[in-house]
Protein chains: 2
Amino acid sequence: MVGEAKSRLNAALRDRGYRVTLQRSIIMETLEGLAGHVSVEDIYARVRERFPQVNISTVYRTLELMEEAGLAVHTHFDDGVAKWHRAEEGAHQHLVCRRCGQELELDLDVVEPLAEQLRARYGFQPDIAHFAIVGVCRSCSERAQ
Amino acid sequence: MVGEAKSRLNAALRDRGYRVTLQRSIIMETLEGLAGHVSVEDIYARVRERFPQVNISTVYRTLELMEEAGLAVHTHFDDGVAKWHRAEEGAHQHLVCRRCGQELELDLDVVEPLAEQLRARYGFQPDIAHFAIVGVCRSCSERAQ
DNA sequence: ATTCATGCAAATACTTTGCATCAGC
DNA sequence: GCTGATGCAAAGTATTTGCATGAAT
C-alpha cells in the first residue's frame with residue numbers, strides 16, 4: 001500500500017508535467033502519512049529523518065506545488081502560522097481551542113447549511129475547509145468556571 | 001463626539017490601571033476611526049500622520065493591550081497577516097475572496113445557527129468573529145466561467 | 001519618587017528568492 | 001543536452017524583546 005500511494009503521488013506530478021524527484025516524493029509521502037494539520041517545520045523534521053540533506057526551501061516549494069496540483073491545502077490557524085494537510089482530508093472543518101490548542105474535527109454536514117446560505121444570499125463560494133473555527137473547548141470552559 | 005470617544009477610551013485604560021499616554025490615545029482613536037479590518041502597518045501609517053515619532057513596536061504593544069482590555073480584536077486572514085478591528089465591530093463575520101481580496105461583511109445571524117450547533121453538539125464556544133471565511137466571491141466566479 | 005511606557009535597535013520566526021550546480025527527462 | 005529542481009545563502013516581512021531614557025501617576 002505504501003508503494004501504491006507512492007506511485008499515485010508520482011503519477012500526479014508526471015501528469016501535470018512536473019518532474020518526479022526524490023525530494024518531492026518524500027515530502028508528498030510525508031504529508032500523506034501525517035494525520036491532521038502540520039506545520040512546515042513538522043514536515044521538514046520528518047522528511048529529514050529519511051533524507052537529511054533536504055532543504056527547507058524545497059519543502060516550501062513542494063507544498064506550494066502540491067497545493068497547485070490540488071493534493072494539499074493550507075490553513076492559517078489562530079497564531080497565523082500556516083498548517084498543511086492533504087487535500088483528501090479537506091472535507092472537514094477544524095475547531096481549535098484557543099486555550100489548550102486542541103483540535104477537533106468536524107463533519108462538513110454541520111457546516112453545510114451555512115455554506116448553502118452564503119452561496120444563496122451572497123453568491124459566495126466558501127472554501128469551508130480552508131479555515132479553522134477558533135473558540136474554547138468544553139474541557140477548558142469547564143475548567144474556567 | 002470625538003472628545004467623547006477619546007474620554008471613553010482613556011477611561012477604559014485608566015479603569016484597568018493602565019497609564020494614559022498620547023501614543024495610546026492616538027492609536028486607540030485611530031483604530032476606532034478605521035472601518036473594517038486593518039493591518040498594523042495601516043494603523044501605524046495613520047498614527048504617524050499625527051505623531052510622527054511613534055514607533056511601530058508601540059503600535060503592536062498598544063493593540064495587544066487593547067485586545068486584553070476587550071477593545072480590539074485581531075484576525076488572521078488568508079495570507080496569515082493579522083488584521084485588527086475594534087471590538088464593537090466584533091459582531092460580524094468576514095467573507096474574503098481569494099481571487100480579488102475583496103471583503104464582505106456578514107451578519108452574525110447567518111452564522112448563529114452554526115455556532116448553536118457547535119455549542120450543543122461539541123460543547124465548543126466558538127469565537128465566531130475571530131476568523132474569516134475564505135472563498136470566491138460572486139464577481140470572480142462569474143468572471144472565471 | 002516610583003513605576004511603567006516608549007523609542008531604538010537587535011533578535012526572532014516564518015517565508016521567499018537569486019543563483020550556481022545538479023538531476024530528470 | 002536542455003530545462004527545470006535543488007541547496008545554499010541572503011533577503012524579506014511580520015512580529016517580539018532587552019534596555020536605557022523619559023513620562024505618567
Side-chain angles (χ1 to χ4, degrees), chain A residues 6-7 9-31 37-45 47-48 50-69 71-84, chain B residues 6-7 9-31 37-45 47-48 50-69 71-84:
Chain A
K6 177 178 280 179
S7 49
L9 291 169
N10 288 349
L13 288 174
R14 230 184 304 267
D15 291 352
R16 287 162 221 271
Y18 298 128
R19 289 186 182 170
V20 178
T21 65
L22 182 55
Q23 288 89 328
R24 286 182 176 172
S25 294
I26 294 180
I27 293 166
M28 287 170 61
E29 271 179 68
T30 300
L31 186 64
H37 313 90
V38 288
S39 67
V40 174
E41 216 40 71
D42 294 334
I43 299 165
Y44 180 49
V47 169
R48 222 168 12 172
R50 289 172 59 192
F51 194 82
Q53 66 269 45
V54 77
N55 192 274
I56 197 165
S57 64
T58 303
V59 178
Y60 276 103
R61 286 190 273 232
T62 302
L63 288 171
E64 203 180 328
L65 193 83
M66 288 178 72
E67 188 156 56
E68 250 175 73
L71 297 168
V73 174
H74 85 278
T75 301
H76 291 282
F77 276 37
D78 195 36
D79 58 357
V81 174
K83 295 284 178 68
W84 292 80
Chain B
K6 176 178 281 179
S7 47
L9 292 169
N10 288 348
L13 287 175
R14 228 183 305 267
D15 291 351
R16 287 163 222 269
Y18 298 130
R19 288 188 183 170
V20 178
T21 66
L22 182 56
Q23 288 89 327
R24 288 182 173 170
S25 293
I26 293 180
I27 293 165
M28 289 170 62
E29 271 181 68
T30 300
L31 185 64
H37 313 90
V38 289
S39 66
V40 174
E41 214 42 69
D42 294 335
I43 299 165
Y44 180 50
V47 169
R48 221 168 13 172
R50 290 172 58 192
F51 194 83
Q53 64 270 45
V54 77
N55 191 272
I56 197 165
S57 64
T58 302
V59 178
Y60 277 102
R61 287 190 272 232
T62 303
L63 288 171
E64 202 180 329
L65 193 82
M66 287 178 73
E67 189 156 54
E68 250 176 72
L71 297 168
V73 174
H74 86 278
T75 302
H76 291 282
F77 276 37
D78 196 36
D79 58 356
V81 173
K83 296 284 178 69
W84 291 80

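To find a chain, count down the sequence lines: A is the first, B the second, and so on, and within it residues start at 1.
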- Item | d(CD1, B:Ile26; P, C:dG7) in whole Å | 10 Å

- Spacing of B:Arg61 atom CZ and B:Ile27 atom CD1 [to the nearest 0.5 Å]: 10.0 Å

- Query: Under 4.5 Å between any side-chain heavy atoms of B:Ile26 and B:Val54, yes or no?
  - Reply: no

- Note on the structure: Smallest heavy-atom separation, B:Tyr44 atom then B:Asn55 atom, equals CE1-C, 3.9 Å

- Message: Less than 4.5 Å apart, side chain to side chain, heavy atoms only: is that true for B:Leu9 and B:Ser25?
- Response: no

Polar-atom pairs under 3.5 Å, protein N or O versus N or O of nucleotides 9-14 of chain C: list them with distances, or write none.
none

- In this structure, which one of B:Val73, B:Leu13, B:Leu31 forms a side chain to side chain contact (heavy atoms under 4.5 Å, CB included) with B:Met66? B:Leu31

- With sugar-phosphate taken as primed atoms, P, OP1 and OP2 and all else as base, the protein-contact string of nucleotides 19-25 of chain C at under 4.0 Å (heavy atoms; B, S, -) is ----BBS

- Message: Ignoring hydrogens and geometry beyond distance, is a side-chain donor-acceptor pair present between B:Asp42 and B:Ser39 at under 3.5 Å?
- Response: yes

- Message: Please report the interatomic distance CH2(A:Trp84) to OG1(A:Thr62), rounded to the nearest 0.5 Å.
- Response: 10.0 Å

- Note on the structure: In whole angstroms, the gap separating C1' of C:dT17 from CG of A:Leu65 amounts to 17 Å

- Rounded distance in Å - CD1 (A:Ile56) to C1' (C:dT16): 12 Å

Taking only distance into account, with no hydrogens and no angle test, what donor-acceptor pairs under 3.5 Å do side-chain atoms of residues 17-24 of chain A form with protein atoms, sequence neighbours excluded?
unit_1	atom_1	unit_2	atom_2	d
A:Tyr18	OH	A:Glu68	OE1	3.0
A:Thr21	OG1	A:Arg24	N	3.1
A:Arg24	NH1	A:Arg19	O	2.9

- Would you indicate whether the side-chain heavy atoms of B:Leu71 and B:Met28 approach each other to under 4.5 Å? yes

- Mind calculating the distance between NZ (A:Lys83) and C1' (C:dT15) to the nearest angstrom? 16 Å

- Sorted by position of nearest nucleotide on DNA chain D, 5' first, the leading residue of B:Val40 and A:Thr58 is A:Thr58

- Note on the structure: Rounded to 10°, the angle between the first-five-pair and last-five-pair axes of the helix from C:dA1-D:dT25 to C:dC25-D:dG1 is 30°

- Task: Rounded to the nearest angstrom, tell me the gap between atom OH in A:Tyr44 and atom P in C:dT15.
- Result: 14 Å

- First contact, last contact: which nucleotides of DNA chain D are these for chain B, 5' to 3', heavy-atom distance under 4.0 Å? D:dA14 to D:dT25

- So, for A:His74 and A:Ala82, which heavy atoms are closest and what is the spacing to 0.1 Å? CD2-CB, 4.1 Å

- Please identify each residue that fulfils side-chain contact (heavy atoms from CB on, under 4.5 Å) with A:Tyr60, with sequence neighbours left out. A:Val40, A:Ile56

